[in-house]
**Q** 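If you scroll down you'll find the structure; I have some questions about it.
Chain identifiers are assigned alphabetically (A, B, ...) following the order of the sequence lines, protein sequences preceding nucleic acid strands; residue numbering begins at 1 within each chain.
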2 protein chains.
Amino acid sequence: MKRKVTLKQIAKELDVSISTVSKALRNSVEISEDTKQKVQAFAKLYNYKPNNIALSLKNRKTNTIGIIIPEIVHHFFSKVIRGVELVANQRGYNVIIGLSNESFSKEVINMEMLANGSIDGFIISLSKETLQLQDYHHFNETINQGMPIVMFDRVVNEINCDKVIVDDFEGAKNAVEKLIENGCKKIALITTKDYVSVGRLRTQGYIEALKNHHLDLKSELILKLDDNIDYEVNLEALVKEIENLFKSNKKIDGIFAVNELYALTAMRVAQRLGYKVPDNLQVIGFTDGVLSKHSTPSLSTVSQHAQLMGEKAAGLLIDKLESAEEDETYQTQIIASELIERESTK
Amino acid sequence: MKRKVTLKQIAKELDVSISTVSKALRNSVEISEDTKQKVQAFAKLYNYKPNNIALSLKNRKTNTIGIIIPEIVHHFFSKVIRGVELVANQRGYNVIIGLSNESFSKEVINMEMLANGSIDGFIISLSKETLQLQDYHHFNETINQGMPIVMFDRVVNEINCDKVIVDDFEGAKNAVEKLIENGCKKIALITTKDYVSVGRLRTQGYIEALKNHHLDLKSELILKLDDNIDYEVNLEALVKEIENLFKSNKKIDGIFAVNELYALTAMRVAQRLGYKVPDNLQVIGFTDGVLSKHSTPSLSTVSQHAQLMGEKAAGLLIDKLESAEEDETYQTQIIASELIERESTK
């Protein structure tokens, strides 16, 4: 068998990034002539076939949607996929899934692979590394070549396409206002570093709720965790961070956490430190996870309606694929989140 | 855009099953001449391109592995995928995923789609419907055409390929023997109907453990649930079934359940009926789920090492893809399960 050379191998061989190879093959002005020549010569030598979307689109319709998500062991993303599947099946489309594993280069490679004639359009949520690097050339060029993309949850303004998002800001604001209405005076926020867009919006919702109720914003009550650490595996590190939060801030009476694991771990740490949930500490998380409803006490949470998000994304994409005219307008659908009150709040 | 006609559309148009269309296009002797002619004429008319694996294999290697799993909202399968990804990435392969949603025809359609030049080989766990129908032609023909398949977890003897399984029988036997050693005299089994192979093996393990310890096998202590019902959604139906089990059998002191949801629900129903776990009722589940370790009390469980299963499956497949000679021997790797003791057992 003759092995097809991959983007990754070219990048490794020439000691440049995958992004550089991808751009050089597309003759991008961002790349020096010298590098472009080297990359193109190498690609030619090893018979690399660049992604030729325009050609494949002219030739056939695959009736297949490609999904690219950051990770699979995550209830939110699997529920989104279930929603995409549902609408895709109803409308006669198949679905195939690629994982970026939160890696920029894997995202590029997966798009390259699927766009090469296997699918008609993409549904994508950005990887963390892509958000950090702010390198979106692979999306914009795919769209420019005529293949539609719908983004969900982790989206950015720099990419012009249909989007489906949850109202992270409103959802967070409502959750924190609920804590305030329930009598909390000293509410801590457990969130992620700011490059993940949804974490930033949820942080802003927290700040807005405090402001609306004339409560002081205290930076020592905001714990920003490094989302690159897999705390599911390094649970002890998470426990330590949260213990420090409680120990350096006495009388915390409310916690808003931007995901399920942070919220549940906070609840458990607090109980070990002698807090009673919900009597003197109320906790709200943010997620569609399964743990929240099965934990003791069960966790109040902001539901993102993940399946609905997938359904909307699939609807938008298929509408675009089946529309007769070339539609250059894009819409952003916002799904209203919902505060589900369980035992961790009064 | 010219729409490519799909297997499903041909089946619908001619009012035959997808399996019949698939077999007719491959000229199977199982299908009548009349039907074959009709299907082939229709396919020709609408320019249907059948899956031509042999051709695509000769032309190129994609460095991509296709995974087909029954469902995505399931911690076990997502952990298997993580294992496949890990080994695939180390060895320079991409992974794409298709979902059968437990449907035979979706399984056939997904294989057709991916085998059509997108991938080099498959890693597959069978859908429930395929197990019920016992129609495995799509696997055997794919293998005959030279594309390797590795199956995991839900496997059958009728397909000759590499397999990775967990020792469901041994795992179940060990779990039930643990309950017996811990003093349980009246152990109920909550399992699925027998067409799901792993459910059957776990049931046999339960029976063997009772036999080894000279305990009577009582059919009224075996609750066989219809696995086609999504009990995660219809939790009340599951609760009712388990309540009936407890109400019609007094003094149950041990429960072995073949999955996490059954075990957790049994624990909750029992607690509501006044049982104390683990004082007068001990419970063991079977899974790699996240709920077990976060429930109260935490659930003892037979771990399947799902990620390791994925790693082994990927290793077997890539070895086959990269071996110089045509290797016609197949192996079945058995992963030892592990009993993880938590608070639901003494």
**Q** Where does A:N89 contact chain B at under 4.5 Å (heavy atoms): side chain, backbone, both or neither?
**A** both
**Q** So what's closer than 4.5 Å to chain B heavy atoms on A:K293: side chain, backbone, both or neither?
**A** side chain
**Q** Roughly how far, to the nearest 0.5 Å, is the CD1 atom of A:I69 from the CD1 atom of B:I72?
**A** 6.0 Å
**Q** When heavy-atom pairs shorter than 4.5 Å are enumerated against chain A, which of B:H75, B:R268, B:E85 gives the highest number?
**A** B:E85
**Q** With a 4.5 angstrom heavy-atom cut-off, which part of A:I96 approaches chain B: side chain, backbone, both or neither?
**A** both
**Q** Do you know which of B:V95, B:I81, B:L99, B:T64 has the most heavy-atom pairs under 4.5 Å to chain A?
**A** B:L99
**Q** Measuring heavy-atom distances to chain B, does A:I67 have an atom under 4.5 Å in its side chain, in its backbone, in both, or in neither?
**A** neither
**Q** How many angstroms lie between CZ in B:R82 and CG in A:N101, if you round to the nearest 0.5 Å?
**A** 8.0 Å
**Q** May I ask you to check whether over 12 heavy atoms, not counting those of A:E13, lie within 6.0 Å of atom CD?
**A** no
**Q** Look up atom CD in B:E112 and atom CG in A:N94, then write down how far apart they are to the nearest 0.5 Å.
**A** 10.5 Å
